[in-house]
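When a ligand or atom number is given, it counts from 1 through the structure's own listing order. All values derive from a computational prediction rather than experimental measurement.
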Amino acid sequence: SVLFLQGIMHPVSVARLVMEKTPHVYLSGEGAKIFALENGFKEEKLLTDKAKQAYEQWKEKQQYIPKISPEHHDTIGILAMDSKGRLSGACTTSGMAFKMHGRIGDSPIIGAGLFVDNEVGAATATGHGEEVMRIVGSHTVVELMRQGHSPEEACKKAVERIFVIAKRKNKNLDEIQIGFIAINKKGE
Ligand code: ASP
């Protein structure tokens, strides 16, 4: 995985190289960038005009209310099974909009945003990263499948667990948005 990697177009491909070429699981920040540049990636300006405009607009009020809504999140999670029944997955994001500098979401955290156990199944998440991380969501989904739950039941149970915790903390449930996808070894 790579975390806090800025200015590199396809961080998910850098993450793959961390897995394939290093003895490590995570590289972050400057170290991740140096690794990417050494492996043929180019530094690019990734700020789009649309994002810049949205930021300029946000600056007028500067309210720190990180929001998840269809306009404010962009995670792409992919799970795949090949012709031999082997599972794999990827998860990539620019993260929640208008977050604090240095904030890490669930997506690059193994077990939170993505978890693949080739013996059991795989899962990936989108939505409020903090809520997903609190239950190590994708790992939870895979463990529920290990206990015999279908992928659908496992995803549902993980979402319910998040909501129980949020309720305990008196959070407004209408403001929390989470999604999981999962696949088991049978390809369901
Ligand atoms: N999960 C991401 C985060 O918390 C947001 C998203 O799903 O787009 O940063």
Fill in: Short side-chain to backbone donor-acceptor contact, Ser1 and Pro108, under 3.5 Å
yes
Practice prompt. Would you confirm whether Thr124, through its side chain, and Cys91, through its main-chain N or O, come within 3.5 Å as a donor-acceptor pair?
Written response: no
Fill in: Inter- and intrachain pairs under ring pair (Phe, Tyr, Trp, His ring centres under 6.0 Å), touching residues 129-185, at least two apart
Phe115-His139
Worksheet item: Short N/O distance, under 3.5 Å, between Gly95 and ligand 1?
Response: no
Practice prompt. For ligand 1, note which part of Ser107 has a heavy atom under 4.0 Å away: side chain, backbone, both or neither.
Written response: side chain
Worksheet item: Which is closest to atom 5 (C) of ligand 1 by heavy-atom distance: Ala125, Ser94, Gly127?
Response: Gly127
Response to the item:
What one should report as the nearest heavy-atom pair of Ala125 and Thr75 is O-CG2, 3.7 Å
Worksheet item: Which ligand 1 atoms, with their elements, are less than 4.0 angstrom from a heavy-atom of Thr93?
Response: 8 (O)
Item to complete: Please round to the nearest 0.5 Å and tell me the distance separating atom CE of Met19 and atom CG of Leu27.
Response: 13.0 Å
Worksheet, complete the sentence: If we number the atoms of ligand 1 from 1 as shown, the ones under 4.0 Å from a heavy atom of Asp106 are 1 (N), 2 (C), 3 (C), 4 (O)
Practice prompt. Heavy-atom contacts with Gly129 under 4.0 Å: which atoms of ligand 1 show up? List them by number with element.
Written response: 4 (O)
Worksheet entry | Numbering as shown, the atoms of ligand 1 that approach Thr126 to under 4.0 Å (heavy-atom distance) | 6 (C), 7 (O)
Discussion item. Given 3.5 Å as the limit, does a donor-acceptor pair link the side chain of Lys157 with the main chain of Val141, or not?
Written reply: no
Worksheet item: If you measure every N/O of His128 against every N/O of ligand 1, is any gap under 3.5 Å?
Response: no
Worksheet item: Is there a nitrogen or oxygen of Gly105 sitting under 3.5 Å from a nitrogen or oxygen of ligand 1?
Response: no
Worksheet item: At under 4.0 Å between heavy atoms, which part of Thr75 makes contact with ligand 1: side chain, backbone, both or neither?
Response: both
Practice prompt. Would you kindly specify which portion of Arg103 sits under 4.0 Å from ligand 1, judged on non-hydrogen atoms: side chain, backbone, both or neither?
Written response: side chain
Discussion item. Tell me whether Lys167 contacts the main-chain N or O of Leu173 through its side chain, where contact means a donor paired with an acceptor under 3.5 Å.
Written reply: no
Worksheet entry | Residue pairs involving residues 9-42 (criterion ring pair (Phe, Tyr, Trp, His ring centres under 6.0 Å); sequence neighbours excluded) | none
